[in-house]
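Along the sequence shown, the residues carry numbers beginning at 1.
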Amino acid sequence: QVQLVESGGGLVQTGGSLRLSCAASDRAFRTRTLGWFRQAPGKEREFVAAISWGGGMTDYADSVKGRFTIFRDNAKNTVYLQMNNLKPEDTAVYYCAARTRGSVATHVYEYDYWGQGTQVTVSS
């Protein structure tokens with residue numbers, strides 16, 4: 001069973017930064033594509049960013065391009081999401097997800113394992 005544990009969420013003002021972390025208890029971590037999704041109240045869960053197993057390929061939602069960066073440290077079994085220039089519309093619960101197989105993907109159904117989420121709140 002793969003366990004993913006997110007951390008790093010919190011309250012930040014508009015224009016501020018946060019770095020989310022997701023630690024995995026999985027010996028196959030370095031072979032997995034990983035992603036970040038978010039869900040705001042009353043909305044569906046949406047794709048934010050994804051990174052391939054080796055880190056050579058990444059993908060981002062248009063709404064976060066140029067502001068967010070996904071990267072991973074396979075030696076630490078951890079994936080990160082650096083979020084800069086945060087906006088109130090970035091407020092959501094952020095989830096880390098992992099695929100059993102396959103490269104970067106943007107749909108919820110393409111991911112097999114999920115963390116419990118971490119709250120990010122951006123005040124105006």
Side-chain angles (χ1 to χ4, degrees):
Q1 183 70 20
V2 177
Q3 290 186 324
L4 303 171
V5 180
E6 301 97 335
S7 61
L11 173 64
V12 64
Q13 292 185 332
T14 296
S17 298
L18 283 174
R19 177 177 291 184
L20 305 183
S21 301
C22 174
S25 61
D26 178 18
R27 294 168 64 179
F29 175 87
R30 62 190 61 202
T31 70
R32 301 192 188 280
T33 288
L34 302 167
W36 286 96
F37 289 74
R38 66 187 182 187
Q39 188 166 17
K43 295 187 177 182
E44 293 186 352
R45 193 168 298 189
E46 65 175 7
F47 170 74
V48 175
I51 187 167
S52 61
W53 66 272
M57 183 180 299
T58 58
D59 195 9
Y60 295 91
D62 288 342
S63 59
V64 306
K65 280 181 181 176
R67 300 188 299 122
F68 291 10
T69 302
I70 186 171
F71 59 101
R72 64 192 295 167
D73 185 340
N74 285 344
K76 296 182 178 180
N77 272 24
T78 302
V79 62
Y80 304 90
L81 185 68
Q82 177 67 42
M83 306 185 295
N84 298 328
N85 190 22
L86 283 161
K87 304 175 181 180
E89 51 262 45
D90 295 318
T91 295
V93 177
Y94 282 70
Y95 297 91
C96 173
R99 301 193 73 189
T100 300
R101 60 181 58 86
S103 189
V104 295
T106 63
H107 298 97
V108 170
Y109 67 82
E110 294 177 292
Y111 288 78
D112 304 290
Y113 303 102
W114 293 85
Q116 293 300 306
T118 184
Q119 176 70 46
V120 171
T121 303
V122 184
S123 63
S124 57

Checklist entry - With no hydrogens and no angle check, is any side-chain donor or acceptor of S21 less than 3.5 Å from a backbone partner on S7? => result no

Item to check | Residue pair Y94 / E6, side-chain heavy-atom distance below 4.5 Å | outcome: no

Checklist entry - Do D26 and Y113 pass the side chain to side chain contact (heavy atoms under 4.5 Å, CB included) test, and can you show the C-alpha distance, the side-chain angles, and the key distance before you say yes or no? => result CA-CA 11 Å; D26 178 18; Y113 303 102; 6.0 Å; no

Item to check | Residue pair C96 / V79, side-chain heavy-atom distance below 4.5 Å | outcome: yes

Checklist entry - For T91 and A40, which heavy atoms make the closest approach, and how far apart are they? => result O-CB, 3.7 Å

Checklist entry - Side-chain heavy atoms under 4.5 angstrom apart, residues restricted to Ile, Leu, Val, Met, Phe, Trp, Tyr: same cluster for V64 and L86? => result yes

Next on the checklist: Listing request: all salt bridge (Lys or Arg N to Asp or Glu O under 4.0 Å) pairs with a residue in residues 43-53, at least two apart in sequence or in separate chains.
Outcome noted: R38-E46

Checklist entry - To the nearest 0.5 Å, how far apart are CG in D59 and CD1 in I51? => result 11.5 Å

Item to check | D112 to R101 - nearest heavy-atom pair and separation | outcome: OD2-N, 4.5 Å

Checklist entry - Just how far is it from atom OH of Y80 to atom OG1 of T78, taken to the nearest 0.5 Å? => result 4.5 Å

Checklist entry - Tell me, do N77 and R27 make a side-chain contact under 4.5 Å, heavy atoms counted? => result no

Item to check | Donor-acceptor under 3.5 Å (Y60 side chain, I70 main chain) | outcome: yes

Next on the checklist: Treating N74 as the side-chain partner and W53 as the backbone partner, does any N or O pair qualify as donor plus acceptor under 3.5 Å?
Outcome noted: yes

Checklist entry - Crowded around Q119 CD? As in, over 12 foreign heavy atoms under 6.0 Å? => result yes

Checklist entry - Would you say R99's side chain and R32's backbone share a donor-acceptor pair under 3.5 angstrom? => result no

Checklist entry - Counting only N and O atoms by type, is there a donor-acceptor contact under 3.5 Å from the side chain of Y111 to the main-chain atoms of A105? => result yes

Checklist outcome for this item: Taken to the nearest 0.5 Å, the spacing of F68 CZ from L20 CG works out to 8.0 Å

Checklist entry - Rounded to the nearest 0.5 Å, what separation is found between the CG atom of N84 and the CZ atom of R19? => result 9.0 Å

Checklist entry - Does the pair D62/K65 count as a salt bridge with the N-to-O cut at 4.0 Å? => result yes

Checklist entry - Between CG of L11 and CG of L18, what distance do you get to the nearest 0.5 Å? => result 9.0 Å

Item to check | With D73 via salt bridge (Lys or Arg N to Asp or Glu O under 4.0 Å) - residues at least two apart | outcome: none

Next on the checklist: Give me the atom names and distance for the closest heavy-atom approach of L4 to A24.
Outcome noted: CD2-CB, 3.6 Å

Next on the checklist: Which heavy atom of V104 sits nearest to which heavy atom of S52, and what is that distance?
Outcome noted: CG1-N, 3.6 Å

Checklist entry - Between V120 and M83, is any pair of side-chain heavy atoms under 4.5 Å apart? => result yes

Checklist entry - Is V12 close to S17 at the side-chain level, that is, under 4.5 Å between some pair of heavy atoms? => result no

Checklist entry - CG of L34 to CG of L81: how many Å apart, nearest 0.5 Å? => result 12.0 Å

Next on the checklist: Please report whether the ring centroid of Y95 lies less than 6.0 Å from that of F37.
Outcome noted: no

